[in-house]
Amino acid sequence: MFPLKEKDRTVVQALLSAGCCPRCVLRFCCVGIQTTYRLSCKELFTELHKFLNDDKCESEAVENNQPPCKKIRLQDSKKNDTDSDQNEAPKVPLSEGVLPDGGFRTCTLCLGVLQDLCEKDFVKKVCGKVDSAGYHFHSLVFSVSLPPQLLVREHATWLLVKQEVGQGSFPTKDDILQLKEVYKWITHPLLSEELGVPVDGKSLFEVSVVFAHPETDGDCHFLATVCRDCFRPTKNKQSVFTRMAVVKALEKIKDDEFRQQFPYPLEPSKGSCIVEEIQCTHNSVYVAGRYNKFSRTLPQTPWIIDGERKMESSVEELIGEPLKKMFKVDNLNFSSSGREDVDVRALGNGRPFAIELLNPHRTSFLQQEIKELQQKINNSTDKIRVRDLQLVTREAIGHMKEGEEEKTKSYSALIWTENAIGRNDIDFLQDLKDLKLDQKTPLRVLHRRPLAVRTRTIHSMKVEYVDQHHFRLYLKTQAGTYIKEFVHGDFGRTRPNLGTLMNMTTDILELDVESVDVDWPPKLDE
Ligand code: ZN
């Protein structure tokens, strides 16, 4: 049974005459049964005409007090007798909307979106694109972007219905089924069947289709003169005619004004919407771990100045490149709990880091496979070593940055002294507890950090005498303390500094990070 009622008659008639497709007609009749929309365009057309003509026949018959359909038969005696009575003399001829080649005219309302652009052949084309993009996925989100003029056409058609039906029983804009909603009803089962995975709003894999219809782009333009403040230019949008702006303008404009400016019925369009873009994207995945750095000539991140590479490699690249290959991504974001200078080693348990892999084509890996990758990284170089490599959530990465300032870090430094020293000359350093420093932003980072004075604490120090001009200094400090500046003083910008404490010139020859006390990511069995 076709889900239309007597009251829908006027709407069906008006919209078919206005060149709307059957699915748009059903939307405006507020038909909420998904399966109805999945019938083919042809079936829907036939059903709609049957509905119109059946009832016409009956009502006319009742009016004339005659058996159904007799009058029509008598009037149209030239017709071949084998023709069905019910298909004769319909108010809307069946040929309306049908082209000579048997195809359908492009719907004046949806511009083809609910015609061939939602049917099996089109969905197959989309799936072909998805297949060739080479993603692994277990579900997908399907999103469509429609040209904004469809909103204008929807509004115009709604005004027409309002006029035709008269006061009282016309549907409100909220009753009409949204084009996008109906589009989902039709395409989701087809996509699911074709790709063999469910369509799921929570999926991390998204397929998006962008439709455009250049021929009618001008539809929206009159709104800008009527409702100027709805269409303010914004920096990153190509056109001011965004869907949001058009919705806003349509809410403001008065019915009469709209009718005056936007002529109805709508001109038949030459063709359906075009597909501007079919895009696949997968949400980022995150990998975390800890790294040791054993080299004094390896920067943490690629060191490139004015397009020229200053150092051969970096921690980021040594870890990132194999990950890129495994997850099949083009780009990644590397972050870590603090950073060390190119000439500083990171020893002990290593420094926590996290890598965001953008738009990965592969995402499902067992921990065993991640462990094998870690092994591969470690076998590929002796400059770094990775441990605790694991998949983590985006939220978990927050733990790495949490309270970074309050954390303690341990260092060891090789110190040079200008004056000769004995073992006893350095022992006093071990008695200094929670020594407060005022550190002006170091000269060497002044080009990328604002000038400020920060107070940092050296919790404790230990010394190990080497020879008359050298000793090893072990420090436990608040995170963010500039160790090199504490040792050489940075032209008095750090006070006190080791030189002022020892009353001689001191310098730093080597620095190692011994531990970064951040208990994230979780330790794994090696
Ligand atoms: Zn339509």
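For reference, positions follow the sequence shown, starting with 1.
- Residues Leu298 and Ile384 form a side-chain contact, since some pair of their non-hydrogen atoms from C-beta on lies under 4.5 Å apart.
- Classification of the Trp416-His469 ring pair by plane angle, with boundaries at 30° and 60°, yields parallel.
- At least one donor-acceptor pair under 3.5 Å links the side chain of Lys180 to the backbone N or O of Val144.
- Taking the six-membered ring for Trp, Phe241 and Phe222 have ring centres at least 6.0 Å apart.
- Considering only residues two or more places apart in sequence or on other chains, Asn497 meets the side chain to side chain donor-acceptor pair (under 3.5 Å) condition with none of them.
- In this structure, a donor-acceptor pair under 3.5 Å is absent between the side chains of Glu418 and Thr506.
- Of the residues Arg493, Lys440, Arg444, Arg454, the one that meets the salt bridge (Lys or Arg N to Asp or Glu O under 4.0 Å) test with Glu485 is Arg444.
- Rounding to the nearest 0.5 Å gives a distance of 7.0 Å between CZ of Arg23 and CG of Leu114.
- Classification of Asp517 and Lys407 as a salt-bridged pair fails, no side-chain N sitting under 4.0 Å from a carboxylate O.
- Glu312 CD: 12 or fewer foreign heavy atoms inside a 6.0 Å radius.
- The backbone N or O of Gly492 lies less than 3.5 Å from a partner atom in the side chain of Arg495, making a donor-acceptor pair.
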Might you work through the side chain to side chain donor-acceptor pair (under 3.5 Å) test for Asn359 and His282, ending with a clear yes or no? CA-CA 5 Å; Asn359 195 13; His282 197 294; over 6 Å; no

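- Between His361 and Phe327, the distance separating the two ring centers is not shorter than 6.0 angstrom.
- Atoms CG and CD1, on Leu511 and Ile508 in that order, are 4.5 Å from each other to the nearest 0.5 Å.
- Relative to the ring axis of Trp158, Lys173 places its NZ or CZ within 45° and under 6.0 Å from the centre.
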Name the atoms and distances for all side-chain donor-acceptor pairs under 3.5 Å in residues 422-429, with sequence neighbours left out.
unit_1: Asp425; atom_1: OD2; unit_2: Gly422; atom_2: N; d: 2.8

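- Between Arg394 and Asn283, the side chains place no donor N or O within less than 3.5 Å of an acceptor N or O (distance only, hydrogens not considered).
- Counting heavy-atom neighbours within 6.0 Å of Lys433 NZ, excluding the residue itself, gives a total above 12.
- Ser295 is linked by a side chain to side chain donor-acceptor pair (under 3.5 Å) to Thr297, counting only residues two or more places apart in sequence or in another chain.
- Within 6.0 Å of atom NZ in Lys324, more than 12 heavy atoms from other residues, nucleotides or ligands are found, so the atom counts as buried in its surroundings.
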Evaluate side-chain contact (heavy atoms from CB on, under 4.5 Å) for Met244 paired with Val247, printing each intermediate quantity in order. CA-CA 5 Å; Met244 283 286 276; Val247 166; 5.9 Å; no

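- In this structure the side chain of Phe205 never reaches within 4.5 angstrom of the side chain of Thr363, judged on heavy atoms.
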Given side-chain contact (heavy atoms from CB on, under 4.5 Å), test Tyr482 with Gln439 step by step and report yes or no. CA-CA 8 Å; Tyr482 292 110; Gln439 295 201 297; 3.6 Å; yes

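- Taking the six-membered ring where the residue is Trp, the centroids of Tyr411 and Tyr474 are separated by 6.0 Å or more.
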